[in-house]
Visitor: 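Quick one: the structure is below, and I'll ask about it shortly.
Proteins get letters first, then strands, A, B, ... in listed order; numbering begins at 1 in each. Not measured: the values here are computed from a predicted model.
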Amino acid sequence: MVFPAEPHLEHPAPSRGRAAEQRCLALLRRVSSLSSLLQTLTFLLKSGLQSNPLVLTSFAVSLVLSSPAPHLLDTFLFNTLIRSLPPPLALRSFSLLLRRRLLPNRFTFPFLLKACASLPPGPTAQAHASALKFGFAADSFVENTLIHAYSASSSDLASARKVFDRTPQTSPVTWSAMIGACVRGGRSGDALALFRRMQERGVRPDDVAVISVLSACSDLGALELARWLRRYVERSRIPKSPALCNALIDALAKCGDAGAARAVFDEMPRRTVVSYTAVIDGLAMQGRGREAVGVFEGMVRAGVAPDDVAFIGVLTACSHSGLVEEGLRWFGVMRERFGMEPRMEHYGCVVDMLGRAGQVERAERFARAMPVEANAVVWRSLAAACRVHGRPDVGERIGRRLIAEEPARDSHYVMLSNVYAATRRWEEKGRVRRLMGRRGVRKEPGCSAVEIDGEVFEFAAGGGGGSGSEAEAEVYAMVEEMMREARREGYEAVEAEVLADVEEGDGEAGALRWHSEKIAVAFALLRSPRGAAVRVAKNLRVCADCHLAIKLVAKAYAREIVLRDRSRFHCFKDGICSCGDFW
DNA sequence: CTAGGGTTAG
């Protein structure tokens with residue numbers, strides 16, 4: 001039985017890889033017993049194959065499987081292959097195991113499912129069926145991996161949940177698998193609900209469970225819970241692994257408590273590049289670009305080598321704070337001093353940096369001159385700059401091209417529609433919205449979360465007149481009142497924004513009367529103690545109309561209102577915003 | 001040889 005050749009094996013391996021290949025061959029030829037076969041294989045898979053793992057492992061496998069001593073091949077060996085090979089080869093190893101009429105054991109499926117998790121949905125369901133057939137589906141290791149695999153391979157939360165519901169639910173592993181599944185599927189609110197239930201059931205969260213809940217906090221801006229988790233970690237003496245600290249830093253910073261994030265950072269015995277990056281990103285979100293740059297410099301001084309992600313952090317920090325020349329300098333440093341080749345994300349940061357600062361032409365020139373072809377994200381960020389800086393001509397050109405290239409992407413239509421709205425070209429704007437409707441493309445709904453007494457409430461845009469509950473009516477009445485107060489402070493609707501939202505072909509009630517952040521703020525004003533700061537997290541970027549309204553609401557109600565949107569924090573106080581209207 | 005988690009441009 002010869003392991004089928006991979007198409008890319010046809011190509012000669014790079015010379016360093018080729019030498020390794022020769023060594024690998026020589027080793028395998030000397031193999032004569034099962035134990036030495038295993039030893040050699042493990043060695044090859046784990047260490048010797050770094051230079052070109054896929055080619056060399058495929059090579060090793062084909063050699064092993066065409067071995068003149070087939071009796072050496074047992075389940076243990078196949079498990080090793082399934083565990084160590086890249087996912088597609090792991091799957092093939094599993095089918096070879098079956099073809100050889102070997103029986104999978106209880107290690108086989110956890111390994112197999114882990115491989116399935118990073119592949120499209122099909123294999124996960126097949127592996128599940130197979131685990132059922134061989135009687136391993138109720139094994140807790142298999143269940144936990146199944147939950148993970150379903151959610152990771154296809155965001156199939158329903159299947160993950162089905163498995164979860166049939167488990168005994170007594171292990172924190174099972175719960176964090178399900179909590180993680182929710183977060184991955186964009187259901188962080190459900191993740192927090194699960195966390196509550198977990199505690200009600202008396203299952204003690206361990207370090208990994210805490211990490212998975214923290215990522216839900218990051219998502220929803222659940223500051224109180226993030227703080228509670230930090231205290232919980234101290235109290236229950238959960239080991240403060242670097243990963244746990246990094247998750248704490250990330251969550252506290254993304255929830256707006258830069259001080260606490262910094263404190264966790266300072267307490268760490270050894271800070272990794274990830275810890276620094278989490279702090280830098282947090283400062284960037286606050287518009288504290290200078291400090292973010294300072295932290296980056298401190299990292300380099302401390303001898304911690306920046307990686308590509310850290311550079312994304314420092315570049316976005318510069319971009320969001322209008323530090324154009326500073327940012328360009330770091331972009332140069334990345335290559336010249338650290339010898340790193342910028343990726344699309346880095347080029348994207350530069351385009352965004354120039355565009356935000358109003359240098360639309362320079363940004364476009366840069367985007368065209370990039371050595372890699374700019375992707376849709378880059379063009380969209382440039383189009384956004386065109387909208388803000390009054391270059392509808394360029395914005396329109398980009399928008400139309402993006403729609404032609406990727407007709408199923410909602411954000412392209414929204415972008416072009418907004419460009420038209422900004423220049424009051426309602427006719428064209430209407431055409432874009434109708435085109436979107438005809439093609440069945442739906443705009444990602446806006447959603448805002450607010451935490452009251454540790455409980456997170458989520459709001460969608462609405463109020464266009466549906467018959468809701470009494471509580472809902474109360475909130476909408478509060479929005480009306482809030483807007484009256486804002487008007488008294490000088491608010492006037494930003495027409496381009498309001499009209500940008502009108503949905504065609506959605507019925508008359510389709511016009512979303514209030515964006516979710518206005519509703520969330522009203523709810524928080526109703527439910528939180530007088531004078532307390534209001535914190536809202538939104539999944540999209542705040543629009544100019546809400547931005548203006550909330551500034552004045554903060555003044556009228558003498559409240560500090562902290563709104564985190566997709567790109568940064570806005571701290572509204574006394575009628576001004578910490579972003580200085582640059583965002 | 002078994003499971004869940006861990007920073008990433010707009």
Visitor: What is the distance from CG of D207(A) to P of dA3(B), rounded to the nearest Å?
Guide: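 Those two atoms, CG and P, are 15 Å apart.
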
Visitor: If you check every side-chain atom of V309(A), which of dG10(B), dT7(B), dG4(B) has the closest atom?
Guide: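 Closest nucleotide among those given: dT7(B).
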
Visitor: Rounded to the nearest Å, what distance is computed from the CG atom of residue L248(A) to the P atom of nucleotide dG6(B)?
Guide: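 The distance from CG of L248(A) to P of dG6(B) comes to 13 Å, rounded to the nearest Å.
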
Visitor: From the options dG10(B), dG5(B), dA9(B), select the nucleotide whose nearest atom is closest to the side chain of M344(A).
Guide: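 Output: dA9(B).
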
Visitor: Applying a 4.0 Å non-hydrogen cut-off, can you work out what D308(A) is touching in the nucleic acid: base, sugar-phosphate, or nothing?
Guide: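 Nothing, no heavy atom under 4.0 Å.
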
Visitor: Provide, to the nearest angstrom, the distance between the CG atom belonging to D74(A) and the C1' atom belonging to dC1(B).
Guide: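 Result: 11 Å.
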
Visitor: For R356(A) and dG10(B), is the shortest distance between a side-chain N/O and OP1 or OP2 below 4.0 Å?
Guide: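 For dG10(B), OP1/OP2 do have a side-chain N/O of R356(A) under 4.0 Å.
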
Visitor: Could you tell me whether P172(A) contacts a base, only the sugar-phosphate backbone, or nothing, with contacts defined as non-hydrogen atoms closer than 4.0 Å?
Guide: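 Here P172(A) touches the bases of the nucleic acid.
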
Visitor: Please pick, from dG5(B), dG4(B), dT7(B), the nucleotide with the shortest atom-to-atom distance to any side-chain atom of A177(A).
Guide: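 Among the listed nucleotides, the one closest to the side chain of A177(A) is dG4(B).
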
Visitor: Using a cut-off of 4.0 Å on non-hydrogen atoms, how would the nucleic acid contact of D139(A) be classed: base, sugar-phosphate, or nothing?
Guide: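 No contact.
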
Visitor: Check the distance between dT7(B)'s P and R343(A)'s CZ and give it to me in whole angstrom.
Guide: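 For the pair R343(A) CZ and dT7(B) P, the rounded distance is 14 Å.
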
Visitor: Would you indicate what V350(A) reaches in the nucleic acid, counting non-hydrogen atoms under 4.0 angstrom: base, sugar-phosphate, or nothing?
Guide: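 If one applies the 4.0 Å heavy-atom cut-off, V350(A) turns out to touch nothing in the nucleic acid.
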
Visitor: Can you say whether the rings of H346(A) and F311(A) are parallel (under 30°), tilted (30 to 60°) or perpendicular (over 60°)?
Guide: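 Geometry flag for F311(A) against H346(A): perpendicular rings.
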
Visitor: H320(A) side chain N/O closer than 4.0 Å to the phosphate oxygens (OP1, OP2) of dG10(B)?
Guide: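 True: H320(A) side-chain N/O within range (under 4.0 Å) of dG10(B) OP1/OP2.
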
Visitor: Look at H148(A) and dG4(B) and indicate whether a side-chain polar atom (N or O) is within less than 4.0 Å of OP1 or OP2.
Guide: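 Answer is yes, contact under 4.0 Å.
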
Visitor: Could you tell me how far apart N79(A) (CG) and dA3(B) (P) are, to the nearest whole angstrom?
Guide: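 Result: 12 Å.
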
Visitor: Roughly how many Å is it from CG in D352(A) to P in dG10(B), rounded to a whole number?
Guide: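 From D352(A) CG to dG10(B) P: 5 Å.
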
Visitor: Whether K114(A) contacts dC1(B) is assessed here as follows: a side-chain N or O lying under 4.0 Å from the phosphate OP1 or OP2. Is that the case?
Guide: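 False: K114(A) side-chain N/O out of range (4.0 Å or more) of dC1(B) OP1/OP2.
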
Visitor: Tell me the interatomic distance from Y276(A), atom OH, to dG6(B), atom C1', rounded to whole angstroms.
Guide: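 After rounding, the reported distance stands at 18 Å.
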
Visitor: Kindly confirm or rule out a cation-pi arrangement of R271(A) over F265(A), judged by NZ or CZ under 6.0 Å from the six-membered ring centre and within 45° of its axis?
Guide: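 Judged by the rule (NZ or CZ under 6.0 Å from the ring centre, within 45° of its axis), R271(A) counts as positioned above F265(A).
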
Visitor: Is the F582(A)-H320(A) ring centre distance short of 6.0 angstrom?
Guide: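 Ring centroids of F582(A) and H320(A) are no less than 6.0 Å from each other.
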
Visitor: Rounded off to whole Å, could you give me the OH-to-C1' distance for the Y413(A) and dG10(B) pair?
Guide: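 So the OH-C1' distance, Y413(A) to dG10(B), works out to 19 Å.
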
Visitor: Which residues satisfy the salt bridge (Lys or Arg N to Asp or Glu O under 4.0 Å) test with D219(A), sequence neighbours excluded?
Guide: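 Once residues adjacent in sequence are excluded, D219(A) has no partner under the salt bridge (Lys or Arg N to Asp or Glu O under 4.0 Å) criterion.
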
Visitor: Under 4.0 Å between a side-chain N/O of R106(A) and OP1 or OP2 of dC1(B), yes or no?
Guide: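 Answer is no, no contact under 4.0 Å.
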
Visitor: Looking across every strand, which nucleic acid part, if any, lies under 4.0 Å from N375(A) by heavy atom: base, sugar-phosphate, or nothing?
Guide: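 N375(A): base contact, heavy atoms under 4.0 Å.
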
Visitor: Check every atom of dT2(B), dT7(B), dA9(B) against the side chain of P110(A) and return the nucleotide holding the closest atom.
Guide: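 My answer, after comparing the listed nucleotides, is dT2(B).
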
Visitor: Establish whether the base of dG10(B) is bridged to the side chain of S381(A) by a donor-acceptor pair shorter than 3.5 Å.
Guide: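 A donor-acceptor contact between them is absent.
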
Visitor: Is there side-chain contact between T124(A) and S153(A), with heavy atoms separated by less than 4.5 Å?
Guide: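 Yes, at least one pair of side-chain atoms sits under 4.5 Å.
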
Visitor: Ring centres of Y347(A) and F331(A) under 6.0 Å apart?
Guide: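 Judged by ring-centre distance (under 6.0 Å), Y347(A) and F331(A) do meet the cut-off.
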
Visitor: Considering only heavy atoms and no angle criterion, is a donor-acceptor pair shorter than 3.5 Å present between the side chain of D206(A) and the base of dG4(B)?
Guide: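 Looking at the base of dG4(B), it does pair with a donor or acceptor on the side chain of D206(A) (distance under 3.5 Å).
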
Visitor: Would you indicate what R566(A) reaches in the nucleic acid, counting non-hydrogen atoms under 4.0 angstrom: base, sugar-phosphate, or nothing?
Guide: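 Nothing, no heavy atom under 4.0 Å.
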
Visitor: Which of these nucleotides, dT7(B), dA9(B), dG4(B), is closest to any side-chain atom of S176(A)?
Guide: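 Selected nucleotide (nearest to the side chain): dG4(B).
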
